[in-house]
Structure formats: structure tokens, C-alpha cells
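Here is the structure we will look at, set down as C-alpha cells.
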Number of protein chains: 2
Amino acid sequence: MDTNAAPNVTAAALAPPKPVAARSLVEAAHEAIRHEILTGGLAPGEKLRFEMLRKRFGFGASTLREALTRLVGEALVTSEEQKGFRVAPVSLEDLADLTRTRKFIELEALRESILNGDDAWEGRLVSAFHRLSKVEAKLSSGPELQQDEFEHRNNEFHHALISACPSRWLHHLHGILYQQSERYRRISLVNRVVPRDVHAEHKAMFDAALARNVELACQVAGEHIERTLSVMAKVLTAGR
Amino acid sequence: MDTNAAPNVTAAALAPPKPVAARSLVEAAHEAIRHEILTGGLAPGEKLRFEMLRKRFGFGASTLREALTRLVGEALVTSEEQKGFRVAPVSLEDLADLTRTRKFIELEALRESILNGDDAWEGRLVSAFHRLSKVEAKLSSGPELQQDEFEHRNNEFHHALISACPSRWLHHLHGILYQQSERYRRISLVNRVVPRDVHAEHKAMFDAALARNVELACQVAGEHIERTLSVMAKVLTAGR
DNA sequence: GTCAACAATAATTTCGAGATTTTTTATAAA
DNA sequence: TTTATAAAAAATCTCGAAATTATTGTTGAC
């Protein structure tokens, strides 16, 4: 079969936020709505009416319904039988609990990853750190333009760190928690109040991991997560 | 409005396994299919065609589709774009990884639960242990009849143990892993090979928790989970 | 003036048919 | 006999409308 370059999605062509081409309309709808929730275009607690979503994204009711059901599974959307869907709410308590739980999971994964890491893992890590450093340097000049790209590379770097952890279930759980954190992180990025040398923190994690120093890496990563919490907490309380 | 005792679901009346009345057809379909997967009526790896599911359960295509999407979120079903749904496969590797990860999560939740437990928690624990003990005694006579009830009360007891853990996210993650374990556990229950005093193990956990002995409770619970793994592993390898 | 029952409106949920894609089967060439 | 191509069949995916349920607004009685 030859490659078909023509986009075969018709309804999706109407929606403004369309970063990636998806294999099915449900996937496209899922990613579009997910992006809007993560970036705040759909506010926490907001009711998700089908008529509104139809106009905004251009998908049919069944397609939207399945996309929302996926998002419920990722805990980005809540649903109550016969009463529709809502964007999952955010709160300081949830952020604190989420961060604590993520730290618990992520440090265990990091530990196992460092112990099991091979040359290929080191290669992925070096590569991801390099790409992240590049976008971090640009971020100070034009913040909003590179935010999606920064999140993507930040995600890649953190994933590379734990990518040698052999437990599929630990990865699965971490993925859920990480996506939740991303939501809070983006809130604190758009209106950042605390100046912070994130690059230095990333470099410390990178160095400790490559040196195979489990204890140091976990300590640094733990502090990194905690610091992220305190920054996000400040933003959330300041907004009130 | 007065209470309406008549079942308002029409299509669902055809399906044989219908334990609970659901608020929506999607929920009914979700629970019916989930039950069939957990009990083995739908085999691991089996393709889930809509025509087959329509005949078997009597729901419409969209309803089934959403129910399957929910099950994908619970990792009981896998989906590949444009190629449909399958029952999630089982394997010895997955079981080992799952058990290890569940132990990691469940012991942490148990630790926090014992430290935070109040009188209400003790009450729930005593009650759940009592109910579990009753059904355990009956289980030796008629195994198949009480299996659903045993699983239900076993679930209640293990949930009661960690119910005083304040972390919602830890509970959420534990729920995912516990449901997965239930699937393997039911396989090893129908064709059990190793005689085992499960009641004594449960009693040891119960006593240690009520005595607020964190270390002993975690040790006993850890051994309980490990022993469950070894039993299930024996069944899975014997089946080959 | 307050509360409850009832009607009107709006939203969600469900279904079946049509469009698109994948898989299978048949045919022909090497 | 094997491989490639193409038609046919089967399955999934998507849509819009009908049915069910929740919400809102109004009227009437106490």
C-alpha cells in the first residue's frame, strides 16, 4: 500500500485547535478536548454540553460521547449518569494528594530504572535532556509560543528518566498521575510568580541518574516534585 | 415521584447474567461485560465483535461501544484504532508485575490507614471481617454458588482495611490494580489446586490492623499477597 | 407568602442506517 | 507453487434523529 497524504477527516477540518492528525475521529476529538482541558480553554468544573462541543469542535454526538468517556478514564472529566459530563475540578487538596502520590510512584520507578538502565537508556536520557535544554533556553524570551513544545520535551525527559523501569503497571500508573500534574503545571506556567531555575534542577537529576547514584537521584527528583508543588500551590491560592 | 419497581430496561432483559439494576443502559452493559470478563465467560485475548455482543447482551452498537471504552480505561479491554476491541490478555509476567505493584500500593495505603484510622474505621473493619468469615465457612461446601458473594465480601474486607487512608489518588490506583487481581484470583478459584487456610491469613491481618501494629500488618498483608501470587502462578502454568 | 404539583423546555441517552476501513477471497502473472 | 493485484465481504466507525430523563417556570392550593 502506498502512503496516502490526503487528510480523510472531514468534520475535524472545522476545529481551530488541531495539532496532530489522528487515525480516527474519536481519537482526534479526544486529543482536542484533552488539550483544551490541559491548557485551560475548558475550565475546571465547567459543564460539557454536547451542543456546545458540537459547535466548537465539529464532531457528532456519539464521537464526542466516546471521547468524553475516554477522558473520564483518565480522570480529566467526571460524569454523572443522566446528568452529563463536566471538566474535573481542581483544588489545593487534590494537588497536594496528587503530588504526594506521584512522588511515591515516580521515585520507585526512577530507582528501578537506574538499577536496570542499559546503554540505550543512557542514550535516550542524553538525547531528551539535550532537547529539553534547548527549549528551556528559548522559553525565557517567548513563553507562550513554546509552551506546548516545552511540555512535550519536559514530558519526554521525565519519561526517559524512568524508561528503564521494567514494570509496565508502574508506568501505567505514573502516566495517569503525570498527566494530571501537567494540568496544574500549565496553570502555574501561564501566570508564574516565582522565578525558579528549572534547568539547574533538571541538570542535577540528569547528572545523578547518569552517575547511577540512586539515592541522590531520588532525593533531587523528590525535591524537584516538591518544589513544583509549592509553586503551583502559590498560584492556586493567589488566584482566590 | 413515587418509586418505580418495574425494570425500565427492555433490551437488557434478554441477557442471562444480570445481577444489579443499573441507572443507564451503558452502565448495565459495562457491568455485564465486565462480569463476563472477570468470570472468564469472555476469554482473555478474545475478539469482541459488535454483532456477537448485540446477540449476547442485547444492547445497541453505540451503547456497547461506550461500555467497551470504559473497560479500556480499566485495562480489562484493549482497543486498536479501526480494528476493534479485544479482551485484555493475561500472562504470568503480567501477573507477577501486577502483584508486585499492587503490594507496593496496598501496603502504603494500609500503613496510612492504620495511622489515621478512627473508631468508625474499626467498626467498618469488624463488620467486614465478620461478613467475610461467614461466607468463608460456607465456601468449602458449595464453592461455585457463593463465588460472587465471596469476591464481594473479600473486596469489602480488603477495602475496609485501607479505608482510613486519606489519599484519594492512592485509593484510585489501588482500585485499578485490585480489579485486575480479581480477574486472576477468580481463575485460580475455579480450579484451585493448593489447599490453603485463607481465613487464618485474613484473621492475622485483621488482628494486626486492630492492634495498630503497622509493621506486623504490612508484613502479614505482604505475605498474603505473595501467597496469592504463587497460587495463581501455579494454576496459570498448570493450564499450559 | 410558602410550598407542592404540573406543564414546558432543555439536555442527555439510545438506536439504526450509511460511510469508511480492514480483512478475506478470487484471479492472474511470474 | 508463489506472489501480486483486485474485487467482494465483513467489520468498524460516524452521524443525526427519536426516546428518555432532568431542569426550569408557572399555576394553584393551603
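Reminder, nothing fancy here: chain letters follow the sequence lines and each chain counts from 1.
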Margin query: Taking side-chain contact (heavy atoms from CB on, under 4.5 Å) as the definition, give me every residue that meets it alongside His171(A), ordered by chain and number, with sequence neighbours left out.
Written below: His159(A), Ile162(A), Cys165(A)
Next item on the list: Taking only the side-chain nitrogens and oxygens of Lys83(B), find out if one of them lies under 4.0 Å from OP1 or OP2 of dA11(D).
Entry: no
Notebook entry, point to check: Just how far, in rounded Å, is P of dT14(D) from CG of Leu64(B)?
Noted result: 16 Å
Note to self: How many whole angstroms separate atom CD of Glu81(B) from atom P of dT20(C)?
What the structure shows: 18 Å
Check: Tell me: CZ of Arg86(B) to C1' of dT22(C), nearest whole Å?
Finding: 13 Å
Checklist line | Euclidean distance, atom CD of residue Glu66(A) to atom P of dT12(D) [Å, nearest integer] | finding: 13 Å
Next item on the list: With DNA chain D as reference, determine whether Thr63(A) or Gln82(A) sits nearer its 5' end, using the nearest nucleotide of each.
Entry: Thr63(A)
Margin query: Enumerate the salt bridge (Lys or Arg N to Asp or Glu O under 4.0 Å) contacts for residues 67-83 of chain B, please, sequence neighbours excluded, ordered by first and then second residue.
Written below: Arg70(A)-Glu81(B), Glu81(A)-Arg70(B), Glu80(B)-Lys83(B)
Check: Of all of residues 47-54 of chain B, which get a heavy atom below 4.0 angstrom from DNA chain D, listed by number?
Finding: Lys47(B), Leu48(B), Arg49(B), Phe50(B)
Next item on the list: Using whole Å, report how far CG of Leu25(B) lies from C1' of dT21(D).
Entry: 12 Å
Next item on the list: Nearest whole angstrom, please: distance from the C1' of dA11(C) to the CD of Glu80(A).
Entry: 14 Å
Next item on the list: Mind calculating the distance between CZ (Phe57(B)) and P (dT14(C)) to the nearest angstrom?
Entry: 16 Å
Notebook entry, point to check: Is the NZ or CZ atom of Arg186(B) positioned over Phe150(B)'s six-membered ring, under 6.0 angstrom from the centre and within 45° of the axis?
Noted result: no
Note to self: List the residues meeting side-chain contact (heavy atoms from CB on, under 4.5 Å) with Glu46(A), not counting sequence neighbours, and say none if there are none.
What the structure shows: Leu42(A), Ala43(A), Met52(A), Val87(A)
Checklist line | Derivation and outcome, side chain to side chain contact (heavy atoms under 4.5 Å, CB included), residues Arg100(B) and Ile225(B) | finding: CA-CA 9 Å; Arg100(B) 196 164 132 51; Ile225(B) 295 175; over 6 Å; no
Notebook entry, point to check: What is the distance, rounded to the nearest whole Å, between atom CZ of Phe59(B) and atom P of dT14(C)?
Noted result: 9 Å
Next item on the list: Would you mind telling me which residue lines up with the more 5' stretch of DNA chain C, Ser62(A) or Gly84(A), judged by nearest nucleotide?
Entry: Gly84(A)
Notebook entry, point to check: What residues form a salt bridge (Lys or Arg N to Asp or Glu O under 4.0 Å) with Arg153(B), not counting sequence neighbours?
Noted result: Glu149(B)
Next item on the list: Please name all residues satisfying side-chain contact (heavy atoms from CB on, under 4.5 Å) with Val72(A), sequence neighbours left out, ordered by chain then number.
Entry: Val77(A), Ser79(A), Phe85(A)
